[in-house]
Amino acid sequence: WNRAQEYLAEAVRKSPSDASLRDRWATALFLSDRKSTAYEQFDIAFHQAPDLNPPEVSMAAVAASQGEYETAENWYAKAAKAHPQHAATHLEWSATLMLQDRAEDAQEHIKRAQELGLSTPQVWMYEGLIARQLQDSRTAERAFRRVLEKYPNNREATYHLIRALDDSN
């Protein structure tokens with residue numbers, strides 16, 4: 001990760017206003033075990049481009065990708081406190097909980113994301129996957145059908161819809 005981090009650091013020096021590039025550099029910093037610097041760069045990127053995730057969510061997502069679930073949950077809790085109206089915090093948190101087979105907890109966060117106005121095919125996919133984990137075939141079927149109404153060629157939604165239909169029989 002050090003080589004990637006050095007490459008991205010140079011790229012950011014050349015294009016300091018490129019928030020997505022800075023976000024990638026922060027990820028490499030985290031993976032190079034330079035977490036405090038990673039947080040600073042995620043924060044700068046978020047302030048440059050507020051459509052990116054808040055820095056706490058980014059820190060949590062990278063921690064979760066490394067299997068550091070306790071660290072991830074601590075960062076998600078900080079994000080929820082610092083950015084209470086940021087729906088993607090709960091979307092990302094629910095994904096991390098699903099990876100741990102914690103469907104009930106994931107369901108709470110997907111519902112919170114929806115309460116905050118997030119209604120996207122990704123939310124519907126998560127809703128369906130959580131419902132399948134909870135053996136709620138009807139909710140799963142409804143969620144996957146919603147995805148397929150928007151994206152008829154979505155193979156993952158098709159697969160899970162078929163599984164949900166099979167589960168209900």
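Throughout, residue positions are numbered sequentially from 1 according to the sequence presented. These figures come from a predicted structure and were not determined experimentally.
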**Prompt:** Passes side-chain contact (heavy atoms from CB on, under 4.5 Å), Thr27 versus Arg24? Steps please.
**Reply:** CA-CA 5 Å; Thr27 299; Arg24 288 192 297 274; 5.5 Å; no
**Asked** So if you build clusters from Ile, Leu, Val, Met, Phe, Trp, Tyr with side-chain heavy-atom gaps below 4.5 Å, do Leu31 and Leu99 land together?
**Response** no
**Prompt:** Judged by modelled atom types alone, do Thr139 and Asp136 share a side-chain donor-acceptor pair under 3.5 Å?
**Reply:** yes
**Message:** Counting only heavy atoms from other residues, nucleotides and ligands, does the tally under 6.0 Å from CD of Glu10 exceed 12?
**Reply:** yes
**Request:** Have a look at Tyr76 and tell me which of Glu92, Met59, His90, Lys81 forms a side-chain contact (heavy atoms from CB on, under 4.5 Å) with it.
**Result:** Glu92
**Request:** Could you verify whether a donor N or O on one side chain and an acceptor N or O on the other, from Arg155 and Tyr159, lie under 3.5 Å apart?
**Result:** no
**Prompt:** How far apart are the closest heavy atoms of Ala103 and Gln133, and which atoms are they?
**Reply:** CB-OE1, 3.1 Å
**Item:** Shortest non-hydrogen separation from Arg112 to Pro84 and the atoms involved
**Value:** NH2-O, 3.6 Å
**Item:** Met125 side chain reached by Phe144 side chain, heavy atoms, under 4.5 Å
**Value:** yes
**Ring centre gap for His83 and Phe46 strictly below 6.0 Å** = yes
**Message:** Nearest 0.5 angstrom please: Leu148 CG to Glu156 CD, how far?
**Reply:** 10.5 Å
**Prompt:** Are Glu149 and Arg146 ion-paired here, with the side-chain N under 4.0 Å from a carboxylate O?
**Reply:** no
**Message:** Donor-acceptor pair, distance only, cut-off 3.5 Å: does the side chain of Ser168 make one with the backbone of Leu165?
**Reply:** yes
**Asked** Should Phe42 and Val57 be marked as a side-chain contact (heavy atoms from CB on, under 4.5 Å) after you check the CA-CA gap, both sets of side-chain angles, and the distance that decides it?
**Response** CA-CA 9 Å; Phe42 280 131; Val57 174; over 6 Å; no
**Prompt:** Taking the side chain from Glu115 and the backbone from Ile110, do they hold a donor-acceptor pair closer than 3.5 Å?
**Reply:** no
**Request:** Grab the two heavy atoms, one from Gln107 and one from Ile130, that are nearest each other, plus how far apart they are.
**Result:** CB-CG2, 3.7 Å
**Request:** Determine, stepwise, if the pair Phe30 / Ser58 fulfils side-chain contact (heavy atoms from CB on, under 4.5 Å).
**Result:** CA-CA 10 Å; Phe30 184 103; Ser58 297; over 6 Å; no
**Message:** Which heavy atom of Ser15 sits nearest to which heavy atom of Leu21, and what is that distance?
**Reply:** CB-CD2, 4.3 Å
**Request:** Find the distance between CG (Leu29) and CZ (Arg34) and round it off to the nearest 0.5 Å.
**Result:** 5.0 Å
**Asked** For Glu73 and Tyr69, does a side-chain donor sit closer than 3.5 Å to a side-chain acceptor?
**Response** no
**Asked** Okay, side chain of Arg132, backbone of Ser137: is any donor-acceptor separation there less than 3.5 Å?
**Response** no
**Asked** Would you say Val123 and Met98 are hydrophobically clustered, going by side-chain heavy atoms of ILVMFWY under 4.5 Å?
**Response** yes
**Request:** Take Asp18 and Ser20 through the side-chain hydrogen bond (donor to acceptor under 3.5 Å, both in side chains) test and state the conclusion after the steps.
**Result:** CA-CA 6 Å; Asp18 186 335; Ser20 62; 3.0 Å; yes
**Item:** Arg22 vs Pro16 side-chain heavy atoms within contact, under 4.5 Å
**Value:** yes
**Message:** Surrounding CD of Gln135 (heavy atoms of other residues, nucleotides or ligands, distance under 6.0 Å), is the total greater than 12?
**Reply:** no
**Prompt:** Out of curiosity, Gln114 CD to Trp124 CH2, how far, rounded to the nearest 0.5 Å?
**Reply:** 10.0 Å
**Asked** Measuring from Asp105:CG to Thr96:OG1, what's the distance to the nearest 0.5 Å?
**Response** 12.0 Å
**Message:** Tell me whether Ile44 shares a hydrophobic cluster with Val12, the cluster being built from Ile, Leu, Val, Met, Phe, Trp, Tyr side chains joined at under 4.5 Å.
**Reply:** no
**Request:** Work out which heavy atom in Leu91 is nearest to a heavy atom in Ala113; give both atom names and the distance.
**Result:** N-CB, 4.1 Å
**Prompt:** Does any non-hydrogen side-chain atom of Asn53 lie less than 4.5 Å from one of His86?
**Reply:** yes
**Asked** Looking at Gln5 and Ser32, what are the two nearest heavy atoms and their distance?
**Response** CB-OG, 3.7 Å
**Item:** Linked, directly or transitively: Tyr126 and Val147 (ILVMFWY side chains, under 4.5 Å)
**Value:** yes
**Asked** Is the Tyr39 to Trp75 ring centre distance short of 6.0 Å?
**Response** yes
**Message:** Please report the interatomic distance CD(Glu141) to NE2(His160), rounded to the nearest 0.5 Å.
**Reply:** 14.5 Å
